**Student:** 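Right, I'll just put the structure down here and ask away after.
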Number of protein chains: 2
Amino acid sequence: MAERRSDATRAAILVAARERFASDGYERATIRSIAADADIDPSMVMRYYGNKEKLFAAAAEFDLQLPDVSAIRAQEIGSVLARHFLRRWEGDDTLTALLRAAATNAAAADRMRDLFGAQLLPVVAAVCPDPADAPRRAGLVASQMLGLALCRFVLRLPPMVAMPAEEAAAWVGPTIQRYLTSPA
Amino acid sequence: MAERRSDATRAAILVAARERFASDGYERATIRSIAADADIDPSMVMRYYGNKEKLFAAAAEFDLQLPDVSAIRAQEIGSVLARHFLRRWEGDDTLTALLRAAATNAAAADRMRDLFGAQLLPVVAAVCPDPADAPRRAGLVASQMLGLALCRFVLRLPPMVAMPAEEAAAWVGPTIQRYLTSPA
DNA sequence: TCTGAATGCCAACAACTGTTGGCATGAGAG
DNA sequence: CTCTCATGCCAACAGTTGTTGGCATTCAGA
């Protein structure tokens, strides 16, 4: 398939959509505001993405790119994962968009649960002592990492915004480590 | 001031508002739906609370009722606080309403930061070794507790919903303890 | 019993939402 | 050049939102 002339427009819409969803959440991010950011007519958004729900689905496509844990020393997995999450979060609006939207939109919450089950869970299962514990352990890891992201990027609690990523990872790393590998 | 006949109506509106804000978030919780839940005309909501923003402010009034930490043994503060948070969250829609709304509404996020600064911070300052660390330590505590609430009550991650409160507190307690009192 | 205020409902408003259809414009193939 | 189709914009739609003013009813105090 040759490159179409509209591909640039499609991409611009996606970028604007991610920014709006990230800063405003699902309902307050309007098709009109997204289109305005992309310097485009609102009807183009509809033509290229069908409707708002599908636009969000396209904008919220995300790969955590979790590292191969078998290549990491067992004792360091917690801090490696903490650092990885923070970096992934800071470099891309998509996760913040997903988190903000998931608080009020059912489809976004679904997507979040999918991401949890399809990407985080397998990694946890590969690391933790008893695979039967994996869902609970993964849930705990998610609660700490999502809570950190919530305070830092969504609620913007001043001390968590000011804290350098390296320091945050240093605090949270041992927590993740314990949730992953602590006996019981 | 004598009890007015409208006090029951005012209270019913507040209850319905909390439920709606908790389950739908700020923008999807409409005045009309709240009024319908309270079996009342939407215009009454306006008369008694002025506008939607003030209604939310009234519905999101909340006291964490944090215990007096000086009466608790230093080593147990983490698990006591974890249990307290979970119980407080489960018995009242207000915190879920506040959390859901804070993800997309600026006033709600403000309220959340207030609650953090006015109620959690002093307790942390009274416990942690160096008072200068209090904001950061309190921020970390918030990130874990809010993350837990997010996964359990908002995103409804299956393993976190299924986990008994006592088990969740047992996992999270040591984390809180470390954020509060660990050196460095 | 009469009066005035409190309480409640109805109807409507302007603004905004997602969404749609039709019409212009441009480029590229023949 | 001509024809065609993808790309883009404009105008409008139906529905929902927060919000308002007016009218009925009910209660409390004289």
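For clarity, every value in this text was computed on a predicted model and none was experimentally measured. All chains are named by letter (A, B, ...) in the order of the sequence lines, taking the proteins before the strands, and each is independently numbered beginning at 1.
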**Student:** Calculate the interatomic distance between B:Ile40 atom CD1 and C:dT7 atom P; express it in whole Å.
**Tutor:**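 Result: 12 Å.
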**Student:** What is the distance, rounded to the nearest whole Å, between atom CE of B:Met44 and atom C1' of C:dC9?
**Tutor:** 9 Å
**Student:** Can you name the atoms? Protein N/O to nucleotides 18-21 of chain C N/O, anything below 3.5 Å, with the distance.
**Tutor:**
{"unit_1": "C:dG18", "atom_1": "OP1", "unit_2": "A:Ile31", "atom_2": "N", "d": "3.4"}
{"unit_1": "C:dG18", "atom_1": "OP1", "unit_2": "A:Lys52", "atom_2": "NZ", "d": "3.0"}
{"unit_1": "C:dG18", "atom_1": "OP2", "unit_2": "A:Ile31", "atom_2": "N", "d": "3.2"}
{"unit_1": "C:dG18", "atom_1": "N7", "unit_2": "A:Arg32", "atom_2": "NH1", "d": "2.7"}
{"unit_1": "C:dG18", "atom_1": "O6", "unit_2": "A:Arg32", "atom_2": "NH2", "d": "3.0"}
{"unit_1": "C:dT19", "atom_1": "OP2", "unit_2": "A:Lys52", "atom_2": "N", "d": "2.8"}

**Student:** Could you tell me how far apart B:Ile34 (CD1) and D:dT19 (P) are, to the nearest whole angstrom?
**Tutor:** 11 Å
**Student:** Would you mind listing every salt bridge (Lys or Arg N to Asp or Glu O under 4.0 Å) that reaches into residues 74-89 of chain B, with sequence neighbours excluded?
**Tutor:** B:Arg73-B:Glu76, B:Arg83-B:Glu166
**Student:** For residues 18-43 of chain A, which residue pairs qualify under salt bridge (Lys or Arg N to Asp or Glu O under 4.0 Å), counting only residues two or more places apart or in two chains?
**Tutor:** A:Arg20-A:Asp24, A:Arg20-A:Asp37
**Student:** side-chain hydrogen bond (donor to acceptor under 3.5 Å, both in side chains) with A:Thr94: which residues, sequence neighbours excluded?
**Tutor:** A:Asp92
**Student:** Strictly below 4.0 Å, N to O, side chains only: are A:Arg113 and A:Asp110 in salt-bridge contact?
**Tutor:** yes
**Student:** Once you apply a heavy-atom cut-off of 4.0 Å, does A:Tyr48 come out as touching a base, just sugar-phosphate, or nothing?
**Tutor:**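 Sugar-phosphate only.
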**Student:** Quick one: B:Asp24 CG to D:dT17 C1', roughly how many Å, whole number?
**Tutor:** 14 Å
**Student:** Name all pairs fulfilling the salt bridge (Lys or Arg N to Asp or Glu O under 4.0 Å) condition that reach into residues 175-184 of chain B, sequence neighbours left out, sorted by first residue then second.
**Tutor:** none
**Student:** Residues two or more places apart in sequence or in another chain: which of them pass salt bridge (Lys or Arg N to Asp or Glu O under 4.0 Å) with B:Glu167?
**Tutor:**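 So B:Glu167 forms a salt bridge (Lys or Arg N to Asp or Glu O under 4.0 Å) with A:Arg136.
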**Student:** Just to confirm, is there a sub-4.0 Å distance from OP1 or OP2 of D:dA6 to any side-chain nitrogen or oxygen of A:Ser6?
**Tutor:** no
